Amino acid sequence: MINITLPDGSVHQYESGVTPLDIAKGISEGLARNVLAAKVNDKVMELYRPINADSTVQLLTWNDEEGKSTFWHTSAHLLATALQELYPGIKFGIGPSIENGFYYDIDFGDYQVSSEDFAKIEKKMMELVQAKTPIRRREVSKAEALKTFGDRGEVYKVELINDLEDGTISFYDSGSFTDLCRGPHLVDFSPIKAVKLINLAGAYWRGDEHRPQLTRVYAISFPKKKELDEYLVMLEEAKKRDHRKIGKEMGLFMFSDMVGKGLPIWLPKGTDLRLRLQDFLSKIQKRYGYKQVMTPHIGGKQLYVTSGHWDHYGADSFRPITTPEEGEEYLLKPMNCPHHCMIYKNEPMSYKDLPLRLAEFGTVYRYEQSGELHGLTRVRSFTQDDAHIFCRPDQVKDEFIKVMEIIEIIFKALSFENFEAQISLRDPNNTTKYVGTDENWAKAEQAIVEACQEKGLKAKVEYGEAAFYGPKLDFMVKDAIGRRWQLGTIQVDYNLPERFGLEYIGSDGMKHRPVMIHRAPFGSMERFCAVLIEHTGGKFPLWLTPDQFIILPVSEKYVEEAKAMKAHLEDMNLRGSIDMRDEKIGRKIRDAELAKYPFMLIMGEKEIGEGTLSVRRQGAGDLGTMKPEDFAALIGKEISEVM
RNA sequence: GCUGCAGUAGCUCAGCUGGUAGAGCGCAUCCUUGGUAAGGAUGAGGUCACCGGUUCAAAUCCGGUCUGUAGCUCCA
C-alpha cells in the first residue's frame, strides 16, 4: 500500500500502481468525468500513469491552468492528426498550448491552405474526437526516434530530437498519428467538445528569420460548446473596444503619414484626458515627496555612452543628430534617467538628502521595428510617467513599498480591480549578461521579494526576465473583459549610479554610492491610455472623461439658456458641451448615447421655467429633473467615491 | 526588419472575369421648432495610397514604393 496526499492535506491509502483516474473515481463520479490530468509530486502527467510510491496528488480540471494547458496541448495533437489526414506529407514543427488556445507550426509544402479550409479542418477534428482513439505515451531511444521521423522526412522533428538527450525522449501515439512530445496529454480526445481555428500566420522555424517559414495554425478548444460561444462573443467585444477604433471615433488621437509612423498626435479631447491623468498622478507624487523636473528631448551622445545605453541599444536607435558647424552628436532621448543622474550630480549629496525622488513626464523616442508598431501601445514617441528615486541601500525596500502604494491608489481610481505582479529576477544559470555585482543583485532581489510580502501582494517570480541592470517588479492588470495588460514597473538599478559615479556623504563622513529606482506606475501615457480605453470601452470614469455632460436643448429656441447653463455648471467645476444642432430631441439623445457622454441634460420650456435640468444617464436612461446644484453634487459624490 | 493580407468620399464599405465610380452615415443649405435612442428635402465631397509597366482602354492585371493590419523576431 502507498500513501497519497491530496491538496487538502488528507492522506489516503491505495494499492501500489493506482492511477490518478482511479483516485478521482474514488472521490466522485463528477470529478472522474471532469479530471483532465494529474499533478503527481509537482509533475503533471496522464491519468493512466500508475503511481508506485507515496506521493502528493492534485487532480487537474479545466479550472486549473495546468489542466487547461494539457487540454490545449492535446488539442494541438488533434489538430495535427486532422491536418495529417487532410494533407498527407506535411511536415510538423512544434505545437504547444498558449495563453488562449494552442497552435501548430506546419510546413504545408505545396498545399495551399487558407482560412476557407478552416471549417473542413474543424469538421475533421470533431470526427477524430468521435473515434475516441486513445492517446498513449511511449518512451523511445534516440536512435529509434531519429529513425521514425527520419524515414518520414520530418526534418524539423529530427532537428528537435538531435537536441534531446537519449533516455528522455517520448512519443505519443493517437491512431495513425505519432508525435515527438514531452506530454502530458489527455487520455483521449473525447473531452474536446468544441474547436475553432482562429487564424493562420507565418512563423519562422525556431523563431529565426534566416530559417524556413512555417505556417502557424492558431486554434482554441473547449470542453463545452457554450464556452466556445462565450469566447467568440468576447473576441467580438474586444474588437469593439479596440482603442484604435474608439480613439478615432471619440477624437482622442490620430496618426499622420507626414508626421511619421508610430508618432501619435493627441487631439484636444485626448490631450484633456491625458493631462487629467498626469495631474492626478502629480498630486499623489507630491504627497509622496516627489519633486518635478524637466529635461530636454535630446542629450549629448556621451551621456548615453556613459550610461551604457549606447552600447546596448545604439545600433537599434534613431541615428544621432549632429550640429552643422562642430559636428557634435546628440541623441533623441530614449530614456530620462541619465538626465536625472545629472540633476543628482548637480550638488553634493548628504545621506540626509536621500531619498531624492525626481519625477518627470518625460517624452522619449525609440526606434521600434516598423512591424512592431501598434496603435498607442507600441510607438516611437511616448511619454513616460517617469521618476527616479535615489536612495541608500537600506531604503530600497521602503521606497518599493511606497511606490506600490501609489500604484494601488491609481489602479483603484481607475477601477482596475484585478491586478497581479511579476518579480523578474536574473537567470541564475547565466549571470554574465547582467551588469553589477552578485552582492548587489542579491540585495535588490531580496528587497523586492520582501516588499511584496509586506504589502501582501501576490507576485509571480520569473527567473531570467530581469533587465540587464537590475531586477524589477511589473504590474499586470486584467481589464473588463479579462485580458491581461502589463502596465506599471518598478526597477532597481545598481548600474547607473556606478557609471555616473553618483555619491553621497554618509553619517560616517565617507562617500557612498546611492541606489537608483526607476518607476513608472502608468508605464507610458500612450500605452496606459490605450489600455484604459479598452478597459472602459470609451466610457471613462467621471473624474477623467473629457466631457462629463452634454446639454441637449429641446429646440433651437433654448440655445441661449443652454449656454448660460453650461457656464453655470462650469463655475461649479464641471465640464461639458452643448448639442446646438437643429435636430429633434430624440435624435440628440441617440447621438449623445452613442458618443458615450456620461450625462445628458435636457433643457426645454419646462426646465427653463423652473430652473432645473432633466438628467439622463448614459446607458441607464432618465433620472428625472433636478437643480443644477444637485446635479453637480451627484457628480461630485460619484467622483469622491473612487478617488 | 521578415512573411501573409489590405489601401475606393471625413467614417464604414460595395464595385463579378479591364470599358474612365456608388451606398449608408457624417457634413452644408433649406423646410420643420420638436419632450427621452434616427423628421424631411436639396447639395457639396473622390488624381480609386503613390510611382512605373501591360493595353485602344486600368480602381480592376503586373512590378516597385509608402501606409495600415495579422503574426514572427525585438522591446532601455
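These numbers were taken from a predicted model, which means no experiment stands behind them. The basis for the numbers below is simple: all heavy atoms, side chains too, and nothing from hydrogens, waters or symmetry mates.
Between Arg581(A) and Asp579(A), at least one side-chain N (NZ, or NE/NH1/NH2) sits under 4.0 Å from a carboxylate O, which counts as a salt bridge. Taking a cutoff of 4.0 Å between a charged side-chain nitrogen and a carboxylate oxygen, Glu465(A) and Arg426(A) do not qualify as a salt bridge.
Spacing between atom CG of Asp208(A) and atom C1' of G1(B) amounts to 13 Å, rounded to whole angstrom units. At whole-Å resolution of the value, NZ in Lys588(A) and C1' in A37(B) are 14 Å apart. To the nearest angstrom, P of A37(B) lies 6 Å from CD1 of Ile589(A). For the pair Glu372(A) CD and A70(B) P, the interatomic distance rounds to 11 Å; values are reported in whole Å. Rounded to whole angstrom, the span from the NZ atom of Lys261(A) across to the P atom of G1(B) amounts to 5 Å. Atom-to-atom, CZ of Phe255(A) to P of C11(B) comes out at 15 Å; the value is rounded to the nearest Å. Between the NE2 atom of His312(A) and the P atom of C75(B) there is a distance of 11 Å, given to the nearest Å. Separating the CD atom of Glu368(A) from the P atom of U73(B) is a distance of 16 Å, rounded to the nearest angstrom.
Across G39(B), G1(B), G35(B), the shortest atom-to-atom separation from the side chain of Tyr367(A) is found for G1(B). Taking every side-chain heavy atom of Glu583(A) into account, G39(B) is the closest of G1(B), G39(B), C27(B). Closest contact between the side chain of Lys584(A) and the listed nucleotides G39(B), A70(B), G35(B) involves G39(B). Comparing G34(B), A76(B), G71(B) by their closest approach to the side chain of Pro334(A) singles out A76(B). Closest to the side chain of Ile585(A), out of G35(B), C72(B), G39(B), is G35(B). Distances were taken from every side-chain heavy atom of Gln369(A) (C-beta onward) to each of U73(B), U36(B), U67(B); the shortest belongs to U73(B). Distance from the side chain of Arg616(A) is smallest to A37(B) among G1(B), A37(B), G35(B). Comparing A37(B), U33(B), G39(B) against the side chain of Arg590(A) picks out A37(B) as the nearest. Proximity note for Met335(A) (side chain, C-beta onward) versus U36(B), A76(B), G1(B): the nearest is A76(B).
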Give the table of side-chain donor-acceptor pairs shorter than 3.5 Å for residues 233-241 of chain A, with sequence neighbours excluded, one pair per line with atom names and distance.
residue, atom, partner, partner atom, Å
Glu237(A), OE2, Arg241(A), NE, 2.8
Arg241(A), NH1, Glu534(A), O, 2.8
Arg241(A), NH1, His535(A), O, 2.8

What donor-acceptor contacts under 3.5 angstrom involve side-chain atoms of residues 296-307 of chain A, with partners at least two apart or in another chain?
residue, atom, partner, partner atom, Å
His297(A), ND1, Tyr365(A), OH, 3.0
Lys301(A), NZ, Glu329(A), OE1, 3.2
Tyr304(A), OH, Met335(A), O, 2.8
Thr306(A), OG1, Gln302(A), O, 2.8
Ser307(A), OG, Tyr304(A), O, 3.1
Ser307(A), OG, His309(A), N, 3.2
Ser307(A), OG, His309(A), ND1, 2.7

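Residues Trp205(A) and Asp105(A) bring no donor and acceptor atom of their side chains to less than 3.5 Å of each other. With hydrogens and angles left out, the side-chain atoms of Thr377(A) and Glu526(A) include no donor and acceptor closer than 3.5 Å. Side-chain polar atoms of Glu372(A) and Ser370(A) form no donor-acceptor pair below 3.5 angstrom. Side-chain N/O atoms of Thr625(A) and Thr612(A) include no donor and acceptor closer than 3.5 Å. No side-chain donor-acceptor contact under 3.5 Å links Lys539(A) and Thr545(A). No side-chain donor from either of Gln384(A) and Ser524(A) sits under 3.5 Å from a side-chain acceptor of the other.
The residue Asp622(A) sits close to a base: some heavy atom pair falls under 4.0 Å. At the heavy-atom level, Thr215(A) lies nowhere under 4.0 Å from the strands shown. Gly371(A) comes within 4.0 angstrom of a base, heavy atoms only. Residue Gly604(A) is in base contact, counting any heavy-atom pair closer than 4.0 Å across all strands shown. Nucleic acid contact class of Asp591(A) (heavy atoms, under 4.0 Å, all strands): none.
Applying the salt bridge (charged side-chain N to carboxylate O under 4.0 Å, His left out) rule to Asp316(A) yields no partners; only residues at least two apart in sequence or on another chain are considered. Remark: Lys563(A) engages Glu560(A) in a salt bridge (charged side-chain N to carboxylate O under 4.0 Å, His left out) (not counting sequence neighbours). In terms of the ring pair (Phe, Tyr, Trp, His ring centres under 6.0 Å) criterion, residue partners of Phe92(A) (sequence neighbours excluded) are, by chain and number, Tyr104(A), Phe177(A). Residues meeting the ring pair (Phe, Tyr, Trp, His ring centres under 6.0 Å) test with Tyr463(A), sequence neighbours left out: none. Applying the salt bridge (charged side-chain N to carboxylate O under 4.0 Å, His left out) test to Arg244(A) and every residue at least two apart in sequence or in another chain returns Asp242(A). The salt bridge (charged side-chain N to carboxylate O under 4.0 Å, His left out) search around Arg366(A) returns none, not counting sequence neighbours.
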- Query: What would the secondary structure line of RNA chain B be in dot-bracket form, counting Watson-Crick and G-U wobble pairs under 3.5 Å, with [ ] for pairs that cross earlier ones and | for pairs with another strand?
  - Reply: (((((((..((((.....[..)))).(((((.......))))).....(((((..]....))))))))))))....

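Scanning residues 236-251 of chain A for heavy-atom distances under 4.0 Å to RNA chain B yields Arg244(A), Lys248(A). Remark: nothing in residues 481-494 of chain A comes within less than 4.0 Å of RNA chain B through any heavy atom. RNA chain B is contacted by Val554(A), Ser555(A) of residues 548-555 of chain A, taking any non-hydrogen atom closer than 4.0 Å.
For C72(B), its base never sits under 3.5 Å from the side chain of Arg206(A) at any donor and acceptor pair. A donor N or O paired with an acceptor N or O is found under 3.5 Å between the base of G34(B) and the side-chain atoms of Asp582(A).
Using a 4.0 Å cut-off, no side-chain N or O of Lys557(A) falls inside it from OP1 or OP2 of U33(B). Dashed line: the shortest gap from a side-chain N or O of Tyr218(A) to OP1 or OP2 of C72(B) is under 4.0 Å. Contact annotation: Arg216(A) reaches the phosphate of C72(B) (side-chain N/O to OP1 or OP2, under 4.0 Å). One finds a side-chain N or O of His374(A) lying less than 4.0 angstrom from the OP1 or OP2 phosphate oxygen of A70(B).
Under the 3.5 Å distance criterion, the side-chain polar atoms of Arg513(A) are matched with a main-chain donor or acceptor of Leu502(A).
In terms of position along RNA chain B, the nucleotide closest to Lys606(A) lies nearer the 5' end than the nucleotide closest to the other residue of the pair Ala467(A) and Lys606(A).
Regarding the sugar-base torsion, G45(B) falls in the syn class, its angle being within 90° of 0.
Only the P atoms considered, A76(B) is 29 Å distant from G4(B), to the nearest whole Å.
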